[in-house]
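Structure, as structure tokens:
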Amino acid sequence: NGNVVTENKGGRGSVRFTQAQLAQSKDLTHIHPRGKGQEGLIGGTFSDADLQLFNKQNNLTTMRAKAAEGTYSISKKKNFDSSGFRNYMNDQRKINTDKQRMTQKKLAEQYYKDRDYKKYSQGLDTAFNDFLVDQHNSLRNGAKKYGYDYTLERKK
């Protein structure tokens, strides 16, 4: 019902839960702080670690990530295909990461030519935003085939 059951502090890019906390959890909500107060940056959908945890923990049926642009949610259906989901997301992550790396390489080459760090930094931010959007689209596209619901409730 929205009450905090447990509160964990995380590092710069992660939050850790104990096995006891995870064993008791059907639903897990956490925050993706990237983009908060930073114009043009999005917090993004679920990380690889989030998706691995969601897939591995049988009792975990719903995961949410609150981000600057809204709240992402993924929920297992009765026909959730754990093995298929893992393989699909591994393949999608590789495709999306390779695309991001190519963009980063081009940005680095341009930086060595013009030494414009601001342009380079903004390009990296845009490339990572694009990666997050690609991951979001991958999750949307795989939902029916692998038996899960996936949504982004936009911030109003």
Side-chain angles (χ1 to χ4, degrees), residues 2 4-77 80-108 120-155:
V4 174
V5 176
T6 186
E7 184 175 341
N8 290 21
K9 303 267 187 237
R12 179 176 163 95
S14 65
V15 177
R16 300 243 186 251
F17 295 94
T18 66
Q19 284 302 319
Q21 290 170 325
L22 292 171
Q24 297 173 7
S25 300
K26 274 183 49 181
D27 302 315
L28 181 65
T29 301
H30 63 292
I31 298 169
H32 285 184
R34 181 182 185 265
K36 186 176 181 182
Q38 297 168 289
E39 189 174 332
L41 296 185
I42 60 174
T45 189
F46 300 102
S47 68
D48 294 338
D50 291 340
L51 295 174
Q52 289 171 15
L53 178 66
F54 173 75
N55 192 40
K56 189 169 92 173
Q57 293 293 131
N58 292 331
N59 58 301
L60 187 60
T61 57
T62 299
M63 183 180 278
R64 289 179 208 82
K66 178 123 177 62
E69 64 276 14
T71 302
Y72 296 89
S73 178
I74 187 168
S75 298
K76 295 173 186 168
K77 293 180 174 182
F80 180 67
D81 177 0
S82 177
S83 177
F85 176 75
R86 181 185 63 245
N87 292 335
Y88 170 70
M89 286 312 300
N90 285 341
D91 291 346
Q92 293 302 302
R93 180 180 63 242
K94 181 175 180 353
I95 291 166
N96 296 335
T97 300
D98 287 350
K99 180 179 167 186
Q100 181 191 22
R101 285 188 181 139
M102 289 301 296
T103 301
Q104 289 172 330
K105 182 180 177 186
K106 289 177 187 174
L107 289 167
Y120 173 69
S121 180
Q122 289 170 338
L124 289 177
D125 286 342
T126 299
F128 192 65
N129 277 357
D130 291 347
F131 169 78
L132 293 170
V133 170
D134 288 342
Q135 287 289 88
H136 167 74
N137 289 333
S138 294
L139 282 163
R140 279 187 8 188
N141 294 339
K144 186 174 182 180
K145 183 172 184 178
Y146 299 105
Y148 62 90
D149 288 320
Y150 175 77
T151 60
L152 168 58
E153 183 179 320
R154 294 271 181 196
K155 209 171 149 181

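For clarity, every value in this text was computed on a predicted model and none was experimentally measured. If you read the sequence from its start, that first residue is 1, and numbering goes on from there.
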Is it the case that the side chains of [Y] and [X] hold a donor-acceptor pair, with the cut-off being a distance below 3.5 Å and no angle test?
X      : Y      : result
Asn129 : Arg34  : yes
Asn141 : Ser138 : no
Asn55  : Ser82  : yes
His136 : Tyr72  : no
Arg93  : Asn90  : yes

Taking [X] for its side chain and [Y] for its backbone only, find out whether a donor-acceptor pair lies under 3.5 Å.
X      : Y      : result
Lys94  : Met89  : no
Gln104 : Ala127 : no
Tyr148 : Leu139 : yes
Asn137 : Asp134 : no
His32  : Gly44  : yes
Glu69  : Arg154 : no

Please name the pair of heavy atoms, one in [X] and one in [Y], separated by the smallest distance, quoted to 0.1 Å.
X      : Y     : value
Gly43  : Ala67 : CA-CB, 3.8 Å
Leu132 : Thr45 : O-CG2, 3.9 Å
Phe46  : Met63 : CZ-O, 3.4 Å

| task | Give the intermediate values and the outcome of side-chain contact (heavy atoms from CB on, under 4.5 Å) for residues Thr103 and Leu124. | result | CA-CA 8 Å; Thr103 301; Leu124 289 177; over 6 Å; no
State, yes or no, whether a side-chain contact exists between [X] and [Y] at a heavy-atom distance under 4.5 Å.
X     : Y      : value
Ser75 : Thr61  : no
Lys76 : Phe54  : yes
Asn96 : Asp130 : no

Separation of [Y] [atom2] from [X] [atom1] (nearest 0.5 Å):
X      : Y     : atom1 : atom2 : result
Ser47  : His30 : OG    : NE2   : 6.0 Å
Asp50  : Ile74 : CG    : CD1   : 10.0 Å
Met102 : Thr97 : CE    : OG1   : 13.5 Å
Asp81  : Arg86 : CG    : CZ    : 9.0 Å

| request: Give the C-alpha distance, both sets of side-chain angles, the deciding distance and a yes or no for side-chain contact (heavy atoms from CB on, under 4.5 Å) between Asp27 and Leu60. | output: CA-CA 6 Å; Asp27 302 315; Leu60 187 60; 5.7 Å; no
| request: Please work out which of the three classes, parallel, tilted or perpendicular, describes the rings of Phe131 and Phe128, given edges at 30° and 60°. | output: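 Ring orientation, 0 to 90° scale: parallel.
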| query | Do the rings of Phe85 and Phe80 sit parallel, tilted or perpendicular, given the 30° and 60° boundaries? | reply |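 If you compare the ring of Phe85 with that of Phe80, the planes turn out tilted.
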| message | Between Gln135 and Asp48, is the side-chain contact (heavy atoms from CB on, under 4.5 Å) condition met? List the steps. | response | CA-CA 10 Å; Gln135 287 289 88; Asp48 294 338; 3.9 Å; yes
| task | Take Lys26 and Thr62, measure what side-chain contact (heavy atoms from CB on, under 4.5 Å) needs, and give me the verdict at the end. | result | CA-CA 6 Å; Lys26 274 183 49 181; Thr62 299; over 6 Å; no
